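Just dropping this structure here.
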Amino acid sequence: MAKKSKWTPEKGEQAMIAGIVEGSPEAVGVAVIRLDCGCRKMAAVDKNGEPASKIIMYRDRAESICDLCKKDNGAFHRMTEQFISWTQPEPADEDKKRIIAKVLGVVDETIH
Ligand SMILES: [Zn+2]
């Protein structure tokens, strides 16, 4: 039996995040927005919660984002999940809260 590739969208996401961080020396994390169609929106953020890169949209293992995203540019209401993937070493919890509040517009009390 042939082994199935263990590729998952999360792996693609991690690779994208790593690439964004590499190209953004100011970045302390990457804001990730997952959309219901499977596409992602990402942007690096600096320690002040300001964008540290352009917003990047991509679709895992695809040449381009889907037709719907091309039309609505990844509309906010189709978002299924949003979080920040921190670089190592991670910022202090207080800084994280501040950055998250600014970037995502919410203060998440359950930061791990
Ligand atoms: Zn899409």
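On a predicted model such as this, the values are computed, not experimentally measured, just so you know. In what follows, residues are counted from 1 in the order of the sequence shown. Heavy-atom basis, side chains included; hydrogens, waters and symmetry copies ignored.
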For the CD atom of Q82 and the CG atom of L104, what is their distance to the nearest 0.5 Å? 4.0 Å
Is a side-chain N or O of T87 found less than 3.5 angstrom from the main chain of V28, in a donor-acceptor match? yes
Measuring from N73:CG to K71:NZ, what's the distance to the nearest 0.5 Å? 13.5 Å
Would you check if the side chain of S24 reaches a backbone N or O of A27 as a donor-acceptor pair within less than 3.5 Å? no
Identify, with sequence neighbours excluded, every residue that meets side-chain contact (heavy atoms from CB on, under 4.5 Å) alongside E94. none
Applying a strict under-4.5 Å side-chain criterion to I, L, V, M, F, W and Y, I'd like to know whether V45 and V32 cluster together. no
I need the H77 NE2 to M79 CE distance, nearest 0.5 Å. 11.5 Å
Atom pair CD1 (I33) and CD1 (I55), whose distance is rounded to the nearest 0.5 Å: 7.5 Å
Listed by chain and number, what are the side chain to side chain donor-acceptor pair (under 3.5 Å) partners of S64, not counting sequence neighbours? K70
Contact check, side chains of W86 and D95, non-hydrogen atoms, under 4.5 Å: no
Which residue pairs pass the side-chain hydrogen bond (donor to acceptor under 3.5 Å, both in side chains) test when at least one of the two sits in residues 38-55, sequence neighbours left out? E13-R40, E50-K102
Neighbour count >12 (heavy atoms, 6.0 Å) for atom CD, Q88: yes
One should read off an interatomic distance between C37 SG and R78 CZ, to the nearest 0.5 angstrom, of 4.5 Å
Working to the nearest 0.5 angstrom, can you tell me the gap between F83 CZ and I100 CD1? 11.5 Å
Which other residues belong to the hydrophobic cluster containing L68, where Ile, Leu, Val, Met, Phe, Trp and Tyr are joined when side-chain heavy atoms lie under 4.5 Å apart, directly or via other members? none
Using side-chain contact (heavy atoms from CB on, under 4.5 Å) as the criterion, list what pairs up with P51, not counting sequence neighbours. none
Under 4.5 Å between side-chain heavy atoms, hopping through other hydrophobics if needed: is there a path connecting I84 to F76? no
I need the minimum non-hydrogen distance between I65 and C69, along with the two atoms involved. CD1-CB, 3.8 Å
Just wondering, are more than 12 heavy atoms of other shown residues or ligands nearer than 6.0 Å to CD in E81? yes
Tightest non-hydrogen contact, residues V103 and G49, listed as CG2-O, 3.6 Å
Nearest heavy-atom approach of L35 to G74 is CD1-CA, 3.7 Å
Would a single hydrophobic cluster contain both V21 and M16, if residues Ile, Leu, Val, Met, Phe, Trp and Tyr are joined by side-chain heavy-atom contacts under 4.5 Å? yes
For D60, side chain to side chain donor-acceptor pair (under 3.5 Å) partners two or more places apart: W7
